[in-house]
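Everything below concerns the one structure shown next.
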Amino acid sequence: MKILGIETSCDESAVCLIEARGNFDKDFHFQILGNSLISQIAIHAQYGGVFPNLAKREHAKNLVPLLEQTLLQSVTSCQGDALPKKIPEELQILLARERALYEKLTVFLHKYGKPEIDSIAVTIGPGLEPALWVGVNFARALALVWNVPIIAVNHMEGHLILSMMEIQPHPNYSQILKNLRIEGSMRRIQFPMLALLISGGHTELVLSERWQQYKILGATRDDAVGEAFDKVARLLGLPYPGGPQISALAKFARNDADLTQKNAEKIKLPRPMLNSGDLDFSFAGLKTAVRRLIESEGLTLLRSDLETPLRSDIESDLDAFRMQVAREFEDAVTDVLVGKTMKAVDEYGIQTVVVGGGVSANSYIRLLLAEALAKAGLPPPLVPAPGLATDNALMIALAGYFRALNKEFADPSELRANGNLKLV
Ligand code: KG4
Ligand code: ZN
């Protein structure tokens with residue numbers, strides 16, 4: 001079965017075409033036929049976070065070129081002209097709603113015929129609603145013209161399912177963009193399974209006792225963990241997205257014995273809700289605590305030091321301070337994530353732990369979780385292949401494939417974006 005995946009929930013516009021066969025526990029295998037992604041990180045970085053309407057505009061600009069690139073990479077033939085002489089009224093209404101897409105899409109549809117695909121999988125949520133709608137309307141227009149079914153995909157299920165995949169050859173970003181013949185299969189999953197989903201918008205512990213059935217055991221009460229990484233990075237004068245930046249600085253600090261000793265007792269952060277007795281999280285307090293640390297050091301300059309060059313004598317102190325805060329922040333976040341995950345493992349007799357979402361790229365969290373699981377006699381957590389932790393359309397195509405096997409098709413005219421969509 002060939003599935004076209006479309007992802008526009010946040011700041012990555014992505015399209016991916018896969019061919020897949022089998023089922024979760026029976027000979028599952030997939031191959032990427034075409035894959036394209038445009039990250040808007042550089043555009044949002046100047047504002048220190050993602051702006052929904054800017055994201056929407058960029059998705060509208062990116063989707064048609066991404067689709068064209070993806071189809072050209074694949075061997076899927078799509079010659080001819082898919083648009084009838086008279087454009088159906090339903091399509092006209094739809095395209096009128098997405099004016100920014102309209103022109104490019106009509107040119108595209110005149111240039112190419114229907115590709116050989118079986119269905120279109122699109123992220124309907126959770127995420128930024130204006131951004132999600134672009135992908136949803138794009139998928140609806142394509143489904144209408146090509147007469148193929150649509151599958152509504154939950155973005156978080158996409159992260160979860162991608163983490164379960166054994167992928168070969170091990171891709172990285174550039175390879176996947178060059179479209180090596182990447183293939184994958186299902187790793188061994190034993191139920192009950194626990195998913196720790198950590199991204200820019202989510203922090204959730206999810207129990208799964210059967211394929212595609214989920215129960216949320218705990219979630220963040222305020223900021224998501226990725227959001228906390230991004231906000232703390234901003235306080236420290238580091239660019240967006242903050243996760244990889246903080247992680248790199250923390251690693252430096254851990255490898256430097258002097259730095260680890262110096263001020264160690266002064267630079268301390270709380271472990272919010274670690275012993276709250278439930279499986280919920282809270283990360284907003286950590287950000288406030290970091291702000292206080294910065295202020296207590298008289299370093300209010302941090303926020304703007306990217307633009308304002310600091311005096312060199314402060315600079316070295318500042319660098320050391322920044323590294324130590326980064327390390328203590330990553331330690332605090334990791335303690336809480338690992339602590340809560342192990343509590344859930346214990347309470348629910350978990351056999352397999354899966355970690356998904358952008359923050360699952362963090363090697364320190366992976367390492368400490370693997371150590372804690374080993375102590376409990378469990379295998380290491382399943383994590384996404386390199387380059388695939390952050391948003392992409394492969395995960396959407398994969399999650400869509402398994403839903404297509406159940407024939408869970410959506411009615412295109414009823415399809416809606418839902419920024420707060422929950423896993424059930
Ligand atoms: O899943 P994702 O691409 O987008 C959402 O669905 O939110 O996650 C993006 C988040 C950002 O907050 C980014 O800072 C974080 O993932 N992130 C990391 C790392 N790489 C990305 N956080 C911690 N450590 C990393 N290595
Ligand atoms: Zn995501």
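Counting convention: from 1, in listed order, for ligands and their atoms alike. Just so it is clear, the values below take in all heavy atoms, side chains as well, and ignore hydrogens, waters and symmetry mates.
Looking at Asn23, its side chain never comes within 3.5 Å of a backbone N or O of Asp25 through a donor-acceptor pair. Between the side chain of Asn406 and the backbone N or O of Glu408 there is no donor-acceptor pair closer than 3.5 Å. For His59 (side chain) and Cys10 (main-chain N/O), a donor-acceptor pair under 3.5 Å exists by modelled atom type. A donor-acceptor contact shorter than 3.5 Å links the side chain of Arg366 to the backbone of Ser360.
Of all protein atoms, those of element N, O or S that lie under 2.8 Å from the Zn ion (ligand 2) number 3.
Here Glu58 pairs with Lys61 in a salt bridge; the nearest charged N to carboxylate O distance falls below 4.0 Å. Checked for salt-bridge contact, Asp280 and Lys340 miss the test: no charged N lies under 4.0 Å from a carboxylate O. Look at Lys215 and Glu204 and you find no salt bridge, because none of the NZ, NE, NH1 or NH2 atoms lies under 4.0 Å from a carboxylate O.
Between Phe281 and Phe283, the ring planes are parallel. Angles under 30° get that label, and only those over 60° would be called perpendicular.
Protein neighbours of ligand 1 below 4.0 Å, counting non-hydrogen atoms: His155, His159, Ser199, Gly200, Gly201, Gly226, Phe229, Asp230, Pro241, Gly242, Gly243, Pro244, Gly357, Gly358, Val359, Ala361, Asn362, Thr390, Asp391.
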**Report entry** From CA spacing to verdict: side-chain contact (heavy atoms from CB on, under 4.5 Å), Phe229, Asn362
**Finding:** CA-CA 11 Å; Phe229 267 101; Asn362 187 291; 3.9 Å; yes
